[in-house]
Protein chains: 2
Amino acid sequence: MKKTDNKPRFGWEDIAAFCETLSEAEDALTRDMVSRISDKWSLWTMSVIAQFGQPMRFSRIMEQVEAISQKSLTKTLRGLERDGLVTRKVFAEVPPRVEYTITNLGSEMLDHVAPLWLWVAKSVRSFQDSRMAFDRRVPLRKKRSAL
Amino acid sequence: MKKTDNKPRFGWEDIAAFCETLSEAEDALTRDMVSRISDKWSLWTMSVIAQFGQPMRFSRIMEQVEAISQKSLTKTLRGLERDGLVTRKVFAEVPPRVEYTITNLGSEMLDHVAPLWLWVAKSVRSFQDSRMAFDRRVPLRKKRSAL
DNA sequence: CCGTATCCAAGCCGATACTG
DNA sequence: CAGTATCGGCTTGGATACGG
């Protein structure tokens, strides 16, 4: 990519430069993995399993990840398994037992997400203020609800 | 706001603990802001404006953020403005001119996202391998698209 | 206990057309 | 030039019911 100006301030250019070295498919996968981070349930599920510290059953996970539906949990876990973020072990018993464990890759991901999450959490006030100021000076021109 | 303590390493448990101190609304907002990160256009748009290094016109942004539609760019910029990540300045001219600038908060966000993004990009091989292995041992039981 | 299948509402995003 | 309005396809995720 072109570096028209010299602003050494952001490490963002480094990212752009590095991404240039990736193939289309790799770049797409990168975006895909990043989007997992803001997936409604993935991070929460991973952190629950990670904190449990040992193989964790499906139903136990479902207790901890509050308000998740069975369908969504299944789908989330499948995705995490496919991406190598958790492992899944099925025991041929009756009733069936399935245990999930965080992988090293999964732990690493949590470690790398943590600082960002913390920054966002600590900046919550700024965002709140911005939103309130915006909503005050830009009164809803939409949502002309009835009348 | 830049009172980030220099902890050598953030554990996920610390995040959970810190989030406990947030109100429901603050916690929801945190998730909201994190989800912005994987929004299809937000990060790309922010990085384009940031790298430009000076106030940037709507149409100029649209050239750089390839394949974005006018509607999506407008919506993205509105959201970024509302959250205090970019500023928007309208000039009463004909034809109209509108300039966008990255804010300090926006720059900080990019700075905090960068390392995560880089880690993901560098781990792309692992994810690829996991996916291929998974897809091999779990042959598509879905997508019975016309043979 | 764990997973799948189906239905359905809500939201995203592109395409297109129109305005000041 | 910048933004709005509308439509329609696609995806997401909850509720529910059922199967192994």
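- Here the side chains of F52(B) and Q64(B) are not in contact, with every heavy-atom distance at 4.5 Å or above.
- Residues from residues 46-70 of chain A lying near DNA chain C, meaning a heavy-atom separation below 4.0 Å, are R57(A), F58(A), S59(A), Q70(A) in numerical order.
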For a side chain to side chain contact (heavy atoms under 4.5 Å, CB included) check, start with the C-alpha distance between L85(B) and M33(B), then their side-chain angles and the critical distance, and finish with the verdict. CA-CA 11 Å; L85(B) 298 168; M33(B) 292 308 303; 4.1 Å; yes
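- With rounding to whole Å, E99(A) atom CD is found 12 Å from dG3(C) atom P.
- Checked against dG14(C), dC1(D), dC2(C), the side chain of P96(A) finds its nearest nucleotide in dC2(C).
- No hydrogens or angles considered: nothing links the side chains of S42(B) and T45(B) as a donor-acceptor pair under 3.5 Å.
- Under 3.5 Å, the side chains of S126(A) and S123(A) contain no donor-acceptor pair of N or O atoms.
- In terms of heavy-atom proximity, M56(A) sits nearest to I49(A) at SD-CA, 3.9 Å.
- The separation between W44(A) atom CH2 and dG13(D) atom P is 14 Å, rounded to whole Å.
- Under 4.0 angstrom from either OP1 or OP2 of dG3(C) there lies at least one side-chain N or O belonging to R88(A).
- In this structure, R78(B) atom CZ and dT4(D) atom C1' are separated by 10 Å, rounded to whole Å.
- Straight-line distance from the CZ atom of R31(A) to the P atom of dC13(C): 13 Å, rounded to whole Å.
- Whole-Å rounding puts the K40(A) NZ to dA10(C) C1' distance at 11 Å.
- Among the heavy atoms of the strands lying under 4.0 Å from Y100(A) are primed sugar atoms or P, OP1, OP2 only; no base atom is included.
- Crowding of R137(A) atom CZ: a count of heavy atoms from other residues, nucleotides or ligands under 6.0 Å exceeding 12.
- Taking only side-chain atoms of K71(B), from C-beta outward, the nucleotide of dG3(C), dG14(C), dG13(D) with the closest atom is dG14(C).
- dG11(C) atom P lies 21 Å from atom CH2 of W41(B), rounded to whole Å.
- Residue S72(B) places at least one side-chain N or O closer than 4.0 Å to OP1 or OP2 of dG14(C).
- Ion pairing between a basic and an acidic side chain is recognised when a charged N comes within 4.0 Å of a carboxylate O; D32(B) and R131(A) show such pairing.
- Summarising the local packing, CD of E93(A) is surrounded by more than 12 heavy atoms from other residues, nucleotides or ligands at distances under 6.0 Å.
- Axis angle across the helix from dC1(C)-dG20(D) to dG20(C)-dC1(D), with five pairs used at each end and values rounded to 10°: 30°.
- As rounded to whole Å, 14 Å separates atom C1' of dC1(D) from atom CG of L77(B).
- Here dA2(D) presents its C1' atom at 16 Å from NZ of K89(B), a figure rounded to the nearest Å.
- In this structure, K75(B) reaches the dC12(C) phosphate: one of its side-chain N or O atoms is under 4.0 Å from OP1 or OP2.
- The aromatic rings of F58(B) and Y100(B) lie tilted to each other, with the angle between the two planes from 30° to 60°.
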